[in-house]
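Letters A, B, ... are given to chains in the order of the sequence lines, protein chains preceding strands, and every chain is numbered from 1. Remember, predicted model here, so these are calculated numbers, not experimental data.
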Protein chains: 2
Amino acid sequence: MGRRLSICNSIDDCDLAVLANESSRMTVADGRSFIEEGAPAHDFFVVTGGRVKLFTLLPDGRRQITGFAEGGDFLGLAASTSYAFGAEALGSATLCRFPHAGMQRLTERFPSLEHRLREEASRELALMQARMTLLGRKTARERVATFLIERCTHLDRPDPTRPVELDLPMPRTDIADYLGLTIETVSRILSAFKKEKLISIRSITHITLLMPERISTIAEGME
Amino acid sequence: MGRRLSICNSIDDCDLAVLANESSRMTVADGRSFIEEGAPAHDFFVVTGGRVKLFTLLPDGRRQITGFAEGGDFLGLAASTSYAFGAEALGSATLCRFPHAGMQRLTERFPSLEHRLREEASRELALMQARMTLLGRKTARERVATFLIERCTHLDRPDPTRPVELDLPMPRTDIADYLGLTIETVSRILSAFKKEKLISIRSITHITLLMPERISTIAEGME
DNA sequence: TACCAGACTTGATTCAGGTCAAGGTGATGG
DNA sequence: CCATCACCTTGACCTGAATCAAGTCTGGTA
């Protein structure tokens, strides 16, 4: 989680080779897990390509997806000694891994990085606050609307009243587990939005918001 | 949010007077709000006495309490330019206020403070992750059980199999808004726990967990 | 000691979303 | 070009928690 932590931003006046020294690249195949919830936390990660999902599990298998991460996003802040979440590639993804020890050397060398990390954690905290409100207090319709709007805030849409094309790379199961709903409910609500001409569904992964501002209104619970 | 950030821990070898210089004490009366959601964020706060609740609101008044904070807890990390949450005293509370500018002077003077703040944000992130699972995937029974266990993790209980006395200083409304339930549901479930001899209710604010380990089991969804 | 107001509990009923059960759809491979 | 499989949609029904509606308890006041 954490958008565009071009980690370099805080050290761009310095030696990038040092950064490279402390990190290693890795590729994770579709569906492969690379962080195990509860496992001892040794590394931070930066997503450099593709997408990743973060989740927590209950013993009986119920799953809550706590976030999706993509290029530039930072993973591992929500971890002290052990990871508070699991992570898995959504499609194939590439990552940059920073062992904690190396990270510490980096923050010592570039103190502003520490500040950058805190900023990132703060941004993430604010997002989570909103997500708690979604999960605790919003209706299914509001949740799906919020999800769609969230997705298009990722892109910098030019005009909020014009249609926006969205790409939903994650299966319905993941959307459901992200929103605290079932796949059936997600599916039904997307169909309802289609019937109401709020969206059009070109294909499973490709949706157009026909009236983004109306969807925003629904998302905020102002129907 | 953020437990026992004795902010001084990271600068205890230094001049405490500097810290005092950058902060001011304040007292907030019961029910009084001191952080307005969405308002420009100028300060960090440390709770020095009493309790505080943090929340976000939907336009129609639905409320999600995102956390309770008490002595030593740190507020304001989930804020960049504007606060992502509102805050209100639960009973009368005392706070230490650190304007951002002063905070910056402090982190410049005591670099380890920056690290401390990130640590705090991380801890908070991990907690929120768990809370998202609660709100998205747990049943009402599991939520109330989790809440009770959370409350007694605050104290350092000596023996998990022995009864634990708890004090719930917040009204049922707050518990409900924290757990994403209604007050009626919270009340019914507490009554059910009482009937099942899992807890005893001495008074509204004073509850004893008779079988903490069974309540833990319920909390984890392993009934 | 009785009264009152606010907070909590309990009960009856409703309903949003879950569960269960068929179908559809579209990408892949034979 | 069809079969297969995984994923998605749709429908019928059910249920957990919300809503609506009385009570009840508590602590403060006089």
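- With hydrogens and angles ignored, a donor-acceptor pair closer than 3.5 Å exists between the side chain of A/R188 and the base of D/dG11.
- The distance from atom CG of B/L190 to atom P of C/dA7 is 17 Å, rounded to the nearest whole Å.
- Backbone-only engagement by B/L181 is indicated by non-hydrogen atom pairs under 4.0 Å involving sugar-phosphate atoms exclusively.
- Protein atom CE of B/M170 is 16 Å distant from nucleotide atom C1' of C/dC8, rounded to whole Å.
- If you check C/dC8, C/dG17, D/dT9 against the side chain of A/I183, the one that comes closest is D/dT9.
- Nucleic acid contact for A/S191: sugar-phosphate only, since backbone atoms but no base atoms lie under 4.0 Å from a heavy atom of the residue.
- The distance from atom NE2 of B/H206 to atom P of C/dC8 is 16 Å, rounded to the nearest whole Å.
- The CZ atom of A/R202 sits 19 Å away from the P atom of D/dC8 (whole-angstrom rounding).
- Atoms CZ (A/F193) and C1' (D/dC8) sit 18 Å apart, rounded to a whole Å.
- Under a 3.5 Å cut-off, the side chain of B/R51 and the backbone N or O of B/A69 do not form any donor-acceptor pair.
- Computed from coordinates, the A/I175 CD1 to D/dC7 P distance equals 14 Å when rounded to whole Å.
- Residue A/D177 contributes atom CG, which lies 15 Å from atom C1' of D/dC7 at whole-angstrom precision.
- Using cut-offs of 30° and 60° for the angle between ring planes, the A/Y178 and A/F68 rings count as tilted.
- A donor-acceptor contact under 3.5 Å is not formed by the side chain of A/R141 with the base of C/dG17.
- Of all heavy-atom pairs between A/D30 and A/A89, the closest is OD1-O, 4.0 Å.
- Side-chain nitrogen and oxygen atoms of A/T185 include none within less than 4.0 Å of the OP1 or OP2 phosphate oxygen of C/dG17.
- The nearest heavy atom of DNA chain D to A/S187 and to A/R137 marks one nucleotide each, and the one closer to the 5' end goes with A/S187.
- Between B/K194 and A/E184, the residue anchored nearer the 5' end of DNA chain C, judged by the nucleotide with its closest heavy atom, is B/K194.
- A/L168 has its CG atom 13 Å from the C1' atom of D/dC8, to the nearest Å.
- If you check every strand for non-hydrogen atoms under 4.0 Å, A/S203 touches nothing.
- The base of C/dT25 does not come close enough to the side chain of A/R172 for any donor and acceptor atom to sit less than 3.5 Å apart.
- In the set D/dT19, C/dC8, D/dC8, D/dT19 carries the atom at the smallest distance from any side-chain atom of B/T182.
- A centroid separation of 6.0 Å or more is found between the aromatic rings of B/F85 and B/F55.
- No side-chain heavy atom of A/L198 sits under 4.5 Å from any side-chain heavy atom of A/L209.
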